[in-house]
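Below you'll find the structure, written out as structure tokens, and then a few comments.
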2 protein chains.
Amino acid sequence: MLNGGHWVSPSALEAVNAAIKKTGYRVNPHARNLATNRANSVAFLLTETHDRLFEDPNFAVLVRGAADALAVHDIPLVLILAGTDDEQRRATEFLTSGHVDGVLLVSSHATRKGIISNIISAGIPAISCGIPLGFEKKMGYVAADDYEGAQDVLRYLQDAGRQRIATITGPQDTSGGIRRLEAYRDHQGAELDEALIVHGDYSKESGAKGMRELLNRAPGIDAVFAANDLMALGAMEVLHEAGRRTPEDVAVVGFDDISASSAATPALTTVRQPFERISEEMVRLLLDVIAGKRPAAITIPTELVVRESA
Amino acid sequence: MLNGGHWVSPSALEAVNAAIKKTGYRVNPHARNLATNRANSVAFLLTETHDRLFEDPNFAVLVRGAADALAVHDIPLVLILAGTDDEQRRATEFLTSGHVDGVLLVSSHATRKGIISNIISAGIPAISCGIPLGFEKKMGYVAADDYEGAQDVLRYLQDAGRQRIATITGPQDTSGGIRRLEAYRDHQGAELDEALIVHGDYSKESGAKGMRELLNRAPGIDAVFAANDLMALGAMEVLHEAGRRTPEDVAVVGFDDISASSAATPALTTVRQPFERISEEMVRLLLDVIAGKRPAAITIPTELVVRESA
DNA sequence: CTGAAAGCGCTTACAG
DNA sequence: CTGAAAGCGCTTACAG
């Protein structure tokens with residue numbers, strides 16, 4: 001009856017509820033977990049080095065969104081930070097021991113393959129944030145439409161009359177980094193100039209470094225598409241120091257729409273990734289998989305946010 | 001024997017380990033938890049509204065430090081975000097149901113009294129980050145030495161020849177906000193001028209707003225002590241817009257040493273709170289309390305970091 | 001439909 | 001020291 005059950009007389013129900021309240025009865029979660037063989041919790045696995053955890057505000061947004069979406073179902077979020085190999089070993093051990101019913105996987109550099117394949121072969125329900133490179137068919141995921149988002153940027157820059165558009169890429173072992181560069185290559189088409197492509201790692205410093213490199217290689221550029229906001233912000237600083245005006249001399253566009261971007265001077269034009277939506281969908285898909293459904297993949301459109309920098 | 005036990009012949013031990021490895025045996029955590037009546041996990045409770053969670057990088061540092069310190073003991077971190085009253089009700093329910101062995105309490109505005117007293121009366125081991133106002137004697141905590149840290153700032157400004165020092169306070173229902181203002185009042189002594197005190201809520205915007213107010217009230221000030229870096233950064237922007245140079249016309253000092261502070265122009269002079277150390281000590285104290293020891297309180301010294309803004 | 005019993009997989013006190 | 005048994009507090013299949 002405690003579990004809902006069927007019809008019970010109102011007075012009986014009331015009496016039971018009163019008794020529950022009076023005695024302060026609580027189900028013992030461990031006993032329940034043992035009997036049902038469920039953990040009633042979900043892991044949020046961040047396979048990311050610690051510095052990025054601090055630097056990139058997106059993680060906080062994702063964590064919060066996931067925790068909120070799970071709270072509705074009374075499912076606690078177990079946070080697992082596993083940046084190093086050793087931490088990933090521990091994490092694998094933990095995840096495959098029945099401590100949680102499933103895992104939300106965030107920031108899956110392809111170099112983290114070990115832990116992903118362990119999760120899959122252990123049969124733990126899991127949903128990835130972004131495409132789980134190499135496991136697209138074996139694990140559900142929800143990803144922003146990186147390709148379309150990047151194309152939007154490039155079309156916008158072109159329509160604004162920009163002639164020589166350079167790009168600072170993201171890491172090439174992440175789906176976002178790869179897809180945004182693909183879009184750039186496709187857009188440039190026959191006019192593609194490899195000298196206008198410089199590689200970054202999503203950190204602000206790498207954006208600054210990339211911008212210096214570009215200024216050396218191709219002083220004539222009039223636009224830069226950085227694969228994320230942090231790098232775009234770093235690039236803008238370098239341009240400023242070099243005496244180039246943004247957007248007059250060089251337009252700058254980022255990707256992510258972190259809060260620092262609207263506060264920057266000039267405010268950064270960027271592509272908004274709907275992270276609240278992403279984490280919400282991740283939770284939904286994960287609960288589906290836990291409930292026995294087959295894993296699904298969702299791609300969510302992005303939105304171009306035009307501000308001052310381009 | 002699986003639990004260490006006493007002397008076993010090396011060959012027997014080896015045989016058992018081999019068997020364990022071969023069959024892939026794992027203890028069932030739920031069965032263990034039921035038998036031992038322990039959850040083997042700890043909650044990280046953030047009673048903070050969501051916007052601050054994103055804006056203030058200190059939370060990420062604390063979460064990471066706590067997760068790392070707990071990982072050493074193989075104890076997972078259950079993240080609980082409870083900004084609203086409703087969320088705090090759920091959190092209380094959860095915490096008092098045996099899901100976790102203890103809780104790390106972060107950002108305890110005094111307005112969050114309800115949840116704190118529930119935790120205490122339920123007898124759940126807990127350690128607070130910062131002084132748990134109103135419960136100092138009933139709950140262990142680890143806090144930075146806010147008073148000394150603020151005094152350091154004020155002495156430094158005075159020694160630098162600053163004559164009219166204003167302050168932008170933190171929220172007056174947090175121990176940090178209160179103690180840093182106390183230090184200010186005590187330092188000003190007989191020369192205390194209430195017009196030089198303006199209240200903020202630790203957000204960047206409130207710092208900007210406070211600065212405008214100060215500029216109106218007391219145009220002659222030559223230094224501002226903001227109770228945290230975010231507000232100091234907001235204040236610096238307003239000074240810049242108002243055509244006042246930092247530090248030449250008005251010196252600015254913050255508190256926290258977040259990463260944005262060293263990157264700012266001019267780089268912000270501030271007080272470093274050793275958050276890695278704080279989270280580490282919190283975990284240590286909490287595990288002690290869980291093990292049955294009496295709760296302790298630790299105050300950790302801060303460090304003045306002199307950069308360009310003062 | 002109801003209620004007593006078995007079973008979940010550990011730990012631990014206890015008999016041998 | 002060792003090994004079998006009881007017990008942790010639930011859920012659920014099953015007999016009544």
Side-chain angles (χ1 to χ4, degrees), chain A residues 1-43 70 73-76 78 90 92-102 122-125 287 289-292, chain B residues 1-43 70 73-76 78 90 92-102 122-125 287 289-292:
Chain A
M1 186 165 66
L2 285 174
N3 303 310
H6 296 285
W7 194 87
V8 192
S9 80
S11 63
L13 187 63
E14 203 176 309
V16 171
N17 284 338
I20 288 177
K21 200 162 189 179
K22 192 171 164 197
T23 56
Y25 173 81
R26 298 277 172 78
V27 295
N28 178 317
H30 309 308
R32 170 175 286 176
N33 292 344
L34 178 59
T36 56
N37 198 28
R38 291 276 244 97
N40 273 310
S41 67
V42 156
L70 286 166
H73 301 271
D74 263 307
I75 299 177
V78 178
R90 298 180 94 104
T92 304
E93 177 76 11
F94 178 81
L95 295 172
T96 55
S97 291
H99 283 93
V100 294
D101 295 326
I124 316 284
L287 295 182
V289 176
I290 291 172
Chain B
M1 186 164 68
L2 285 175
N3 304 309
H6 295 286
W7 194 86
V8 192
S9 80
S11 62
L13 187 64
E14 204 175 309
V16 171
N17 283 339
I20 289 177
K21 201 162 190 178
K22 193 170 163 196
T23 56
Y25 172 81
R26 297 278 171 79
V27 294
N28 179 317
H30 310 309
R32 170 175 284 174
N33 291 345
L34 177 58
T36 57
N37 197 28
R38 291 276 244 95
N40 272 310
S41 68
V42 156
L70 286 167
H73 300 271
D74 263 307
I75 300 177
V78 178
R90 298 180 94 104
T92 305
E93 177 77 12
F94 178 80
L95 295 173
T96 55
S97 292
H99 283 94
V100 294
D101 296 324
I124 316 282
L287 295 183
V289 175
I290 291 173

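Convention: sequence-line order gives letters A, B, ...; per-chain numbering from 1. Side chains are part of it too, since the values below use all heavy atoms of this structure and drop only hydrogens, waters and symmetry mates.
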Rounded to whole angstrom, note down the P distance from C:dG7 over to D:dG16.
16 Å

What nucleotide among C:dC10, D:dC10, C:dG9 has an atom nearest to a side-chain atom of A:N28?
D:dC10

With a 3.5 angstrom cut-off on both distances, give the Watson-Crick or G-U wobble partner of C:dA13, or none if there isn't one.
none

Please give me the minimum heavy-atom distance between B:A39 and B:G98, naming the atom from each residue.
CB-O, 3.7 Å

For A:H30 and D:dG9, give me the distance from atom NE2 to atom P, rounded to whole Å.
11 Å

Closest approach to the side chain of B:A31, judged atom by atom: which nucleotide of C:dG9, D:dG9, C:dT12 is it?
C:dG9

Kindly give the heavy-atom pair with the smallest separation between B:P76 and A:V78, and that separation in Å.
CB-CG1, 3.7 Å

Closest of D:dC10, C:dC10, C:dG9 to the A:L34 side chain is C:dG9

Protein-nucleotide distance (B:R38, atom CZ; D:dC8, atom P), rounded to Å:
18 Å

Partner of C:dA4 by Watson-Crick or G-U wobble geometry, both contacts under 3.5 Å, or none?
none

In whole angstroms, how far is the P atom of D:dC10 from the CZ atom of A:R26?
12 Å

Whole-Å gap separating P (D:dC10) and CG (A:N37)
17 Å

Among B:L34, B:N28, B:T36, side chain to side chain contact (heavy atoms under 4.5 Å, CB included) partner for B:R32
B:T36

What integer distance in Å separates B:N40:CG from C:dC10:C1'?
12 Å

Between A:F94 and A:V100, is any pair of side-chain heavy atoms under 4.5 Å apart?
yes

